[in-house]
Amino acid sequence: MCGIVGFTSLDTPAVGPLVNGLRRLEYRGYDSAGVALESADGIRVFKQTGRVAELDKLLAKELPNDERGKYTIGIAHTRWATHGLPTQANAHPHTADGGRLAIVHNGIIENYASLRAGLEKRGVKFASQTDTEVLAHLIAIFDKGDFLSAASEALKRVEGTYGMAAISARHPGEMIVARKGSPLVIGVGEKDIVVASDVSAIVAYTRQVIYLKDGDIACITPEGVEIHSLDNAPVTREVQEVDWDIGAIEKGGYEHFMLKEIYEQPEALANTIRGRLDPSGATAFLSGLSLTPRELAAVRRVVIVGCGTSLHAGMVGKYLFEKLADLPTSPEQAAEFRYSNPIVGPDDWVIAMSQSGETADTLAAVRESIRKGALVSGLCNVVGSTIAREAGRGVYLHAGPEISVASTKAFTAQVTALLMTALKLGRTRRLSFEDGARLVGEIEKIPDVVREILAGNDAIAKVAEKYASAGDMFFIGRGILYPAALEGALKIKEVAYVHAEGYQAAELKHGPIALLSEKTPVVALLADIPGKEKTLGNVQECRARNAPVIGIATKGDDVAAAAVTDALAIPKTSPEIAPIASVVALQLFAYHVARLRGCEIDQPRNLAKSVTVE
Ligand code: F6R
């Protein structure tokens, strides 16, 4: 949520790398953008409402190429508004000290109102409604000649979260960066240092990175990085190598990242599975869990926490853990869980699901569970992310970077990882060798199942064309396919702006059926799982109210095909794999509806990818 970039170099102009970095981070927020550049003459700030492209146009007009060379240090920001409307005044960078200090910030300063009131009493005039500007003025006030100490003193007075970068004309060539609760990574190149909210803005320059930890503050110059705690004690953080390159975050010929990521799924899922199946023991190896069979056998309950798509994957997990490992499992929306004074303890295994590994609500749920003595694991995609680190143990998805704001490959990778976890847990309990071996075989087939669905893209696009103008849709499924229905509804809401609701198939008749008419298509999940016949009955109820029904059904299932208005075929799978297969078809359906409606698919309105505010 909000993207930060900082750049400093011995000789490279900063403006190009800063704007390129913002483009990479635009998925984190895109309502306004800005840069601050420092030269011997002081600091210049350029900011604009709208996308990074608008900022680029402004720079083309106001900063001629022959002037750019003198600015080799700068900071930049792309915003997702929290405090104050997305106006130019509220766009970052914010300044203080008569324009001599500029700052960009990601996160929320919770005590900003009292800090602002105190500053206003001292005569400070504010130019914006943001919480960030408070921090800029505080640093300026504490600046008695040492930039790092000034920023440390200011940050000690701040409650809330921050990833921030600041430059000051009083300290030429120095950039101060710090983090608490919002990610910040420093890329260390040979001649350049790049700072960003995530590595995607860094890999074009270097793959050598330092992940700052909460409470770290660093002073960066082109010569190097010095990291301290806020109490000024030196801190050492290792330089790590990013294990993917720039190709992974380019569109690679696809019109949108969403489509690219949908198509990447066979390979992404093969990576999630690789090296983790043990046919000889009919189980899975998940070394990152660092749990002995004895510890796993002692678990009495599983709680899966997450938000949005990750929560839906966790809901599939409930069916998997209960069926394969006989363990009561509760999927919980992370914010509701963390504020409910949850009853968890040493017998409970809390699994935190998060693609980004930075979602504030999920992170808070992890911290609350650790406090209460539960066994906690992360199931994250982004390596080195806060949730992965704080959970201390877990399973990485290895699905590769997900850039599209709407999550696709992370969902299928999460369900695959949960399935392997349930298999491992089940085999420490009552799941037989034969059933374990059957599942190993099913998991191995997942990439091919997805490949086959992708090959049916044209048929899905054709059906999408027929329904693209609908204003409302319902998605229904039962059992393990209910969370898949929720995920299908979420995808079409966020990328195509179609009002959609996901329901348990049996629940529709308890009220929502009143809304059905020939104008409300119902998408019914009809893959082969126990209870499919009942869902077919629900389909009849919908059709009897004139609602057209789009069925996602097993290839060759003539009964299902005859029951619906339009059938989309998916390969025959075991029930455990059915949510993955169904959701891939729903992802393509949502994508095509969005494309036909002319939506901004990769960056839907009002959203941001990494939700680091509560
Ligand atoms: C939906 C979507 C969001 C995220 C949610 C959690 O397409 O992307 O609902 O799933 O914000 O994000 P992570 O998984 O990063 O914790």
Side-chain angles (χ1 to χ4, degrees), residues 1-3 27-29 80 181-183 197-198 200 256-259 261-262 265 268 304-317 331-338 351-366 377-391 394-397 399-415 417-418 475 483-484 486-498 500 502 583-584 586-591 594 599-614:
M1 207 144 248
C2 299
Y27 70 86
R28 300 177 68 89
W80 186 86
S182 295
S197 305
D198 87 42
S200 61
H256 298 100
F257 279 112
M258 181 180 180
L259 190 62
E261 287 158 14
I262 292 173
Q265 287 176 110
I304 308 182
V305 294
C307 303
T309 291
S310 291
L311 174 62
H312 296 156
M315 291 171 76
V316 175
E332 305 269 357
Q333 202 282 337
E336 292 297 317
F337 172 83
R338 99 29 96 106
I351 302 180
M353 314 281 297
S354 178
Q355 188 286 129
S356 62
E358 302 293 345
T359 300
D361 290 326
T362 312
L363 176 60
V366 164
S377 300
L379 209 150
C380 300
N381 193 33
V382 177
V383 175
S385 55
T386 311
I387 293 173
R389 282 194 279 109
E390 293 208 11
V395 179
Y396 276 123
L397 301 180
E402 195 180 65
I403 307 292
S404 159
V405 167
S407 189
T408 54
K409 61 180 177 173
F411 175 87
T412 48
Q414 283 168 331
V415 173
L418 282 171
F475 288 69
L486 292 177
E487 179 58 12
L490 178 61
K491 285 288 90 81
I492 208 149
K493 277 187 257 211
E494 59 184 341
V495 297
Y497 311 146
V498 176
V583 166
V584 172
L586 295 176
Q587 292 167 349
L588 283 172
F589 180 67
Y591 172 79
C599 299
E600 291 209 56
I601 293 179
D602 284 333
Q603 290 163 354
R605 67 184 176 215
N606 303 339
L607 299 183
K609 185 140 188 85
S610 184
V611 185
T612 51
V613 295
E614 281 188 44

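For clarity, every value in this text was computed on a predicted model and none was experimentally measured. Counting starts at 1 for both ligands and their atoms, following the listed order. For reference, positions follow the sequence shown, starting with 1.
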Report summary line: Counting from 1 in the order shown, the ligand 1 atoms closer than 4.0 Å to a non-hydrogen atom of Lys491 are 1 (C), 7 (O)

Report summary line: Of all protein heavy atoms, the one nearest atom 12 (O) of ligand 1 is Thr359 OG1, 3.4 Å

**Report entry** Donor-acceptor side-chain pairing of Glu358 and Thr386 below 3.5 angstrom
**Finding:** yes

Requested in this report: Answer yes or no: is there a side-chain heavy-atom contact under 4.5 Å between Ser385 and Cys380?
Outcome: yes

**Report entry** For Ser354, the ligand 1 atoms whose distance to one of its heavy atoms is below 4.0 Å
**Finding:** 13 (P), 14 (O), 15 (O), 16 (O)

Query raised in the report: What atoms in ligand 1 come closer than 4.0 Å to a heavy atom of Ala406?
Result: 7 (O)

Requested in this report: Would you check if Ser407 and Glu402 make a side-chain contact, meaning some heavy-atom pair closer than 4.5 Å?
Outcome: yes

Report summary line: ligand 1 to Glu494, heavy atom cutoff 4.0 Å, flagged ligand atoms 1 (C), 7 (O)

**Report entry** Side chain proximity check, Val495 to Tyr591, heavy atoms < 4.5 angstrom
**Finding:** no

Requested in this report: Check whether any side-chain heavy atom of Asp602 lies under 4.5 Å from a side-chain heavy atom of Ile403, and answer yes or no.
Outcome: no

Query raised in the report: Which of the atoms in ligand 1, numbered in the order shown and given with their element, are less than 4.0 Å from a heavy-atom of Gln355?
Result: 13 (P), 14 (O), 15 (O), 16 (O)

Query raised in the report: Looking at atom 5 (C) of ligand 1, what's its closest protein heavy atom, distance included?
Result: Cys307 O, 3.6 Å

Query raised in the report: Of all the non-hydrogen atoms in the protein, which one sits nearest to atom 15 (O) of ligand 1, and at what distance?
Result: Ser356 OG, 2.7 Å

Query raised in the report: Side chain, backbone, both or neither: which part of Glu358 has a heavy atom under 4.0 Å from ligand 1?
Result: neither

Report task. Would you check if Arg28 and Pro183 make a side-chain contact, meaning some heavy-atom pair closer than 4.5 Å? Result -> yes

Report task. Please write down residue, atom name and distance for the protein heavy atom closest to atom 8 (O) of ligand 1. Result -> Val405 O, 3.2 Å

Report task. For ligand 1, note which part of Thr362 has a heavy atom under 4.0 Å away: side chain, backbone, both or neither. Result -> neither

Query raised in the report: Any chance the side chains of Thr408 and Gln265 put a donor and an acceptor closer than 3.5 Å?
Result: no

Query raised in the report: Does any donor atom in the side chain of Ser310 or Gln355 lie under 3.5 Å from an acceptor atom in the other side chain?
Result: no

Report summary line: Partner of Gln414 under side chain to side chain contact (heavy atoms under 4.5 Å, CB included), picked from Asn381, Val395, Leu379, is Leu379

Query raised in the report: Any idea which protein heavy atom is nearest atom 2 (C) of ligand 1, and the distance to it?
Result: Thr309 OG1, 3.9 Å

Report summary line: Counting from 1 in the order shown, the ligand 1 atoms closer than 4.0 Å to a non-hydrogen atom of Ser310 are 10 (O), 13 (P), 14 (O)

Query raised in the report: Quick one: nearest non-hydrogen protein atom to atom 11 (O) of ligand 1, plus distance?
Result: Val611 CG2, 3.9 Å

